[in-house]
There are 2 protein chains.
Amino acid sequence: MPDRLTKLRGLMAQEGVDLVVLAPGAHMDWALGVRPHADERPVLAFITASHASFLIPVLEAESARNQTDLPFYTWADDTGPHKALTRLLSETGAETAQSLVLDEAMRADHAALVQDALPGAARSFTEATVGRLRMTKDAEEFTRLKDNARIADRAMQAAWAAMRPGMTETEVADVVAESFAAAGAAPLFRIIGTGGNGAYPHHHTGRTKLAMGDAVVMDIGAGKDGFSSDITRMAVIGAPPEGYAEIHAIVERAVQAAMAAARPGAKAHEVDDAARGVITEAGYGDYFVHRTGHGMGVEVHEPPWITATSQTPLEVGMVFSIEPGVYLPDRFGLRLEDIVMLRADGPEILSDLPRDVRVIDA
Amino acid sequence: MPDRLTKLRGLMAQEGVDLVVLAPGAHMDWALGVRPHADERPVLAFITASHASFLIPVLEAESARNQTDLPFYTWADDTGPHKALTRLLSETGAETAQSLVLDEAMRADHAALVQDALPGAARSFTEATVGRLRMTKDAEEFTRLKDNARIADRAMQAAWAAMRPGMTETEVADVVAESFAAAGAAPLFRIIGTGGNGAYPHHHTGRTKLAMGDAVVMDIGAGKDGFSSDITRMAVIGAPPEGYAEIHAIVERAVQAAMAAARPGAKAHEVDDAARGVITEAGYGDYFVHRTGHGMGVEVHEPPWITATSQTPLEVGMVFSIEPGVYLPDRFGLRLEDIVMLRADGPEILSDLPRDVRVIDA
């Protein structure tokens, strides 16, 4: 991770940030390669231009020592973290920080501990530092993302091969999970929304049975080698419901418009604008209730956010989803999602599966 | 949950709290019975003397509607949560809150969203409100905790029956997990620390093999019906290591001293003092590196904290662990843990397993 720390310090200097404080989770793992046990006891990494140190409970220090050689300021349950924090801030010079970046996923009480110790420091979150660096992926990261995407393609195909009218959503999800597990990937989510359930974008997969004439939203992902997959495809049981073909064509055009807008130098909102424009013009704007996409890397959801308001300039190496959808209450939902890596000439799709609807024979 | 909300409002009035804001997790589940999907999008519950409402992304609203009838202030990805938050604070009168309680487990960026909208409000966390109410359990909660404890007892016995020299820690943990799963409980943690590994209180269970003369720390827990178990017992492979019997006797005396100190009206630190006093007097104080215990309920770790500095008065109905330990680097660790519910005449132990060391025949 020394290379990432160097890059981070470069951005800190450029942005006038004196101190970055990270909590256990994706940012700490990415920047320092440390994944400590996280609970109500604060474990925090403090990064300045010259120092990187951990505030860590003595209980966790021995295990964490196997993951890093950085200095530890340990604290015990009986006295709490305050003294160790004061010593850390003093010995690393962080006590004079004027500009403080906090990990946005940090617990509020841990954030308060840091802010109360540095009352003069202006606080922001990581979007201009660690978050920005994490948005672009290198060749090795791309390889792992591509590997994950192939595993997800096979899990989707396994589900299609198993699906029959009368199966429950959960049974379909189990087939997906088994396929992921057989490939060495840890299943992360499996949204299987049949018929009217698909109209809830984050439907909780349940005991509803696949019925003839249902459209089925299938949004699946798993994690392997520190990265993950995320793909949404559509199936129909027997014949599609009324109006399905029209909506599928609209959403597919929205995907293609977003792909065309995703170019280095464009703002993230231009990608959202393109997808949303197609759907709105077709008269379904009120039924596209979420953003067009999200970045993906160590986390399934991470910057860049592909929203109507995001001013983030797209850069070569960014990896994000393009996933417009239309949700018709009590009828069906329809979402098509691909993960892309942005290249100089446009997005490269990670999945090899076409976005056509899969027809399940009855 | 109306009863809990009424109790919460009673405490809010008593403590002068105008507004409590909860994030997805144990507090929200306990107070309102709502478990929304949690990600980077803020989902927050706002509770005042007269209102209880949710700030929630439109994406989650339909699913969450199945869990509660409370008003929703929805927001969409394209505009973000600010307008909906402003409307919520205005319509519920929360905009004039002078004293604000935040869920300590809330993400730092979501906490900032609330605090930035209420710059004049003094902020504290939930220890005097939701956290305090959650500390005491009723008869129905006790029944579920007791059921979980019995399941953990059987998982511990299953591990003992399977253990042999040459088995790995992970293999022992797998036996525990299978026993939990067979009883319908979701395995939460299985710390199996053999020999020198046991000297790390939060050892990551791994491929080390059980060897003759090892002491083995076994700290296991699982969740069922919204509650969980947590128990630590000791085993030795063949014969105990040198010095084991002396340390086991000291830690057992520490457990008993803590049990004797745990009486309604005592301060939590008196329980810690009692256990720590026994171990310190025996000359091993430096090797007891953690608190004596933690509360347990919806979460495995929750208030009351049984630490050297906790001034929390113990009350009838509180449920917490008593788990002193001694950790001798490169030799072995030794921890004995029971969960108790405090009764008028002292603690009732949930487990039926004796705390004697279990000798595994070679």
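Note that this is a predicted model, so its numbers are computed, not measured. Labels below follow one simple rule: chain letters A, B, ... track the order of the sequence lines, proteins then strands, and each chain is numbered from 1.
Residues forming a ring-ring contact (aromatic ring centres under 6.0 Å, His included) with A:F125 (at least two apart in sequence, or on another chain): none.
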Geometric donor-acceptor pairs, no angle filter, chain A-chain B, under 3.5 Å:
residue : atom : partner : partner atom : Å
A:E40   : OE2  : B:R291  : NH1          : 3.3
A:E40   : OE2  : B:R291  : NH2          : 2.8
A:E40   : OE2  : B:H301  : ND1          : 3.3
A:E60   : OE2  : B:H202  : ND1          : 2.4
A:D77   : OD2  : B:R291  : N            : 2.6
A:E104  : O    : B:A108  : N            : 3.1
A:E104  : O    : B:D109  : N            : 3.2
A:M106  : O    : B:A108  : N            : 2.7
A:A108  : N    : B:E104  : O            : 3.2
A:A108  : N    : B:M106  : O            : 2.7
A:D109  : N    : B:E104  : O            : 3.2
A:H202  : ND1  : B:E60   : OE2          : 2.5
A:R291  : N    : B:D77   : OD2          : 2.6
A:R291  : NH1  : B:E40   : OE2          : 3.2
A:R291  : NH2  : B:E40   : OE2          : 2.7
A:H301  : ND1  : B:E40   : OE2          : 3.3

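Residue contact with chain B, scored on non-hydrogen atoms closer than 4.5 Å, involves the side chain of A:V58 exclusively. With a threshold of 4.5 angstrom between heavy atoms, A:A111 approaches chain B through side-chain atoms but not through N, CA, C or O. Heavy atoms closer than 4.5 Å to chain A are found in both the backbone and the side chain of B:A112.
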